[in-house]
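Written out below as structure tokens is the structure these notes cover.
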2 protein chains.
Amino acid sequence: MNLPPLVQSFVLHFGEMGGRWGVNRTVGQIYALLYVSPEPLCAEEIAEGLGISRSNVSMSLRELQAWNLVLLRHIPDDRRDYYTTPDDVWLILRVLAEERKKREIDPTLSVLRELLLQTPRDDADRHAQARLAEMHDMIESLTSWYDDVKKLETERLVALLSLGAKVTRFLEVKDRITRFGRPRKEPLQDVSKAEAKTEEGGG
Amino acid sequence: MNLPPLVQSFVLHFGEMGGRWGVNRTVGQIYALLYVSPEPLCAEEIAEGLGISRSNVSMSLRELQAWNLVLLRHIPDDRRDYYTTPDDVWLILRVLAEERKKREIDPTLSVLRELLLQTPRDDADRHAQARLAEMHDMIESLTSWYDDVKKLETERLVALLSLGAKVTRFLEVKDRITRFGRPRKEPLQDVSKAEAKTEEGGG
DNA sequence: CTGAAATTTCAGAAGTTTCTGAAATCACGA
DNA sequence: TCGTGATTTCAGAAACTTCTGAAATTTCAG
């Protein structure tokens with residue numbers, strides 16, 4: 001490996017983490033290298049920089065493309081493909097979230113739906129389905145929140161994040177107002193329409 | 001494998017997904033089995049149900065314990081260990097989020113910090129550090145949002161989720177108000193003081 | 001068309017992870 | 001103390017993934 005020390009440390013770290021993120025070491029390294037590189041790189045340069053075989057680079061770039069994590073660039077009068085990453089980190093985050101959802105969540109959600117449609121044969125089945133339903137409903141809450149939030153422009157998304165849990169003060173205020181009209185426990189579903197419930201103490 | 005068909009489908013699916021979630025097939029299967037099982041199970045029963053070796057069960061349970069995803073139970077006059085999962089799915093989600101953060105995010109954040117402290121040797125280093133800083137800052141926004149949100153009681157967390165992106169109406173109002181006094185784009189930090197105003201335009 | 005450069009594919013070598021059965025260890029009652 | 005049964009450990013077998021170099025394919029200028 002033939003890179004400036006700072007870049008090298010970053011690249012090696014991403015390589016090690018690759019495994020935990022669902023890609024292999026080389027894919028992680030290539031991504032890291034492209035991410036910090038000031039210019040797009042061609043396959044040969046990547047192979048050279050990381051000290052790995054040209055064919056390994058080719059396969060790993062394919063995988064990065066399957067993840068939508070790299071961009072192709074061309075340079076006039078040079079027919080090689082040059083690769084780079086999007087430079088907006090928030091865009092990168094969106095792509096990553098989308099891809100991970102597609103791989104890690106969606107298949108499970110669809111299996112859960114399928115199994116919940118089956119007619120239970122006995123009490124064991126009924127119990128199992130009740131558990132699957134709990135999991136299904138939680139995942140639905142999460143993905144519908146996600147679908148909603150991903151539509152936000154980045155600026156707003158950042159604002160929303162920095163607001164953090166302060167948002168709940170909003171809910172508390174709503175609560176207090178709402179309780180005058182409607183005395184007691186309601187299903188918590190559509191809080192936005194003003195029918196939250198219970199829970200005093202809020203500071 | 002010797003399980004009711006519905007449970008078996010669920011278990012097999014979790015086994016397949018295991019790889020994508022950073023655990024191996026057996027770990028995924030055991031987790032799924034414990035999750036749907038109405039009673040805690042002992043190692044022998046798990047091995048029997050899944051048709052795998054006793055030692056494999058032992059090692060996989062260890063891993064699930066390292067992830068804090070299983071609970072130990074004891075039955076009077078029986079010295080075997082019985083295992084189960086927490087039954088609140090939201091608690092499971094919290095544990096999972098925490099563990100994944102610990103494994104997938106924290107190490108990277110600390111490497112980024114370390115590399116950002118180094119004195120750059122040239123322009124290439126300066127450019128690389130600028131990129132690392134962008135990544136670092138984004139991850140910090142995310143983790144500080146997460147740290148904030150994870151303190152919420154589940155009931156409030158669910159309410160927050162179902163609110164989704166509607167929360168940004170709150171931000172819009174704040175924007176408008178703020179702009180009277182202060183002509184331009186401000187960091188959107190302390191919105192919490194503008195509370196009660198929001199949300200009349202709902203629907 | 002031909003040929004040179006870039007890229008991809010692929011069989012199998014190298015490396016890694018997962019799984020097992022056998023042996024070691026532990027926990028407890030008699 | 002010992003014996004019984006539960007549990008863990010561990011060396012190596014089996015399965016799987018990653019990586020390479022060689023060969024095949026693509027691309028494009030002349």
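All heavy atoms count here, side chains included; hydrogens, waters and symmetry mates do not. Naming: A, B, ... by sequence-line order, numbering from 1 per chain.
Between B:Asp148 atom CG and B:Thr143 atom OG1 the span is 11.0 Å, to the nearest 0.5 Å. A distance of 10.5 Å separates CG in B:Leu93 from CE in A:Met135, rounded to the nearest 0.5 Å. For the atom pair CG (A:Leu116) and CG (A:Leu112), the distance works out to 6.5 Å, reported to the nearest 0.5 Å. Atom CD in A:Gln29 sits 11.5 Å away from atom CD1 in A:Ile46 (nearest 0.5 Å). Atoms CD and CD, from A:Gln129 and A:Gln118 in turn, are 7.0 Å apart once rounded to the nearest 0.5 Å. For the atom pair B:Leu157 CG and B:Lys150 NZ, the distance stands at 13.0 Å (nearest 0.5 Å).
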Nucleotide N/O of nucleotides 13-15 of chain C paired with protein N/O under 3.5 Å:
none

Enumerate the protein-to-nucleotides 3-7 of chain C contacts in which both atoms are nitrogen or oxygen and the separation is below 3.5 Å.
residue, atom, partner, partner atom, Å
C:dT7, OP1, A:Asp81, N, 2.6
C:dT7, OP2, A:Arg54, NH2, 3.3

Could you go through the side chain to side chain contact (heavy atoms under 4.5 Å, CB included) check for A:Leu6 and B:Leu132 one step at a time? CA-CA 10 Å; A:Leu6 193 132; B:Leu132 302 194; 4.2 Å; yes
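Classification of A:Lys101 and A:Glu98 as a salt-bridged pair fails, no side-chain N sitting under 4.0 Å from a carboxylate O.
Residue A:Asn56 places no side-chain N or O under 4.0 Å from the OP1 or OP2 atom of D:dT18. Taking side-chain N and O atoms only, B:Ser55 has no distance below 4.0 Å to OP1 or OP2 of D:dT7.
Protein atom CZ of A:Arg20 is 12 Å distant from nucleotide atom P of C:dT17, rounded to whole Å. We find that CD1 of B:Ile52 is positioned 16 Å from C1' of D:dA14, with the value rounded to whole Å. Atom-to-atom, CE of A:Met59 to C1' of C:dA11 comes out at 12 Å; the value is rounded to the nearest Å. Residue B:Leu50 contributes atom CG, which lies 15 Å from atom C1' of C:dT20 at whole-angstrom precision. As rounded to whole Å, 19 Å separates atom P of D:dA6 from atom CZ of B:Arg62.
D:dT1: Watson-Crick or G-U partner is C:dA30, with both key distances under 3.5 Å.
Among residues two or more places apart in sequence or in another chain, the ring-ring contact (aromatic ring centres under 6.0 Å, His included) test is passed with B:Phe10 by B:Phe14.
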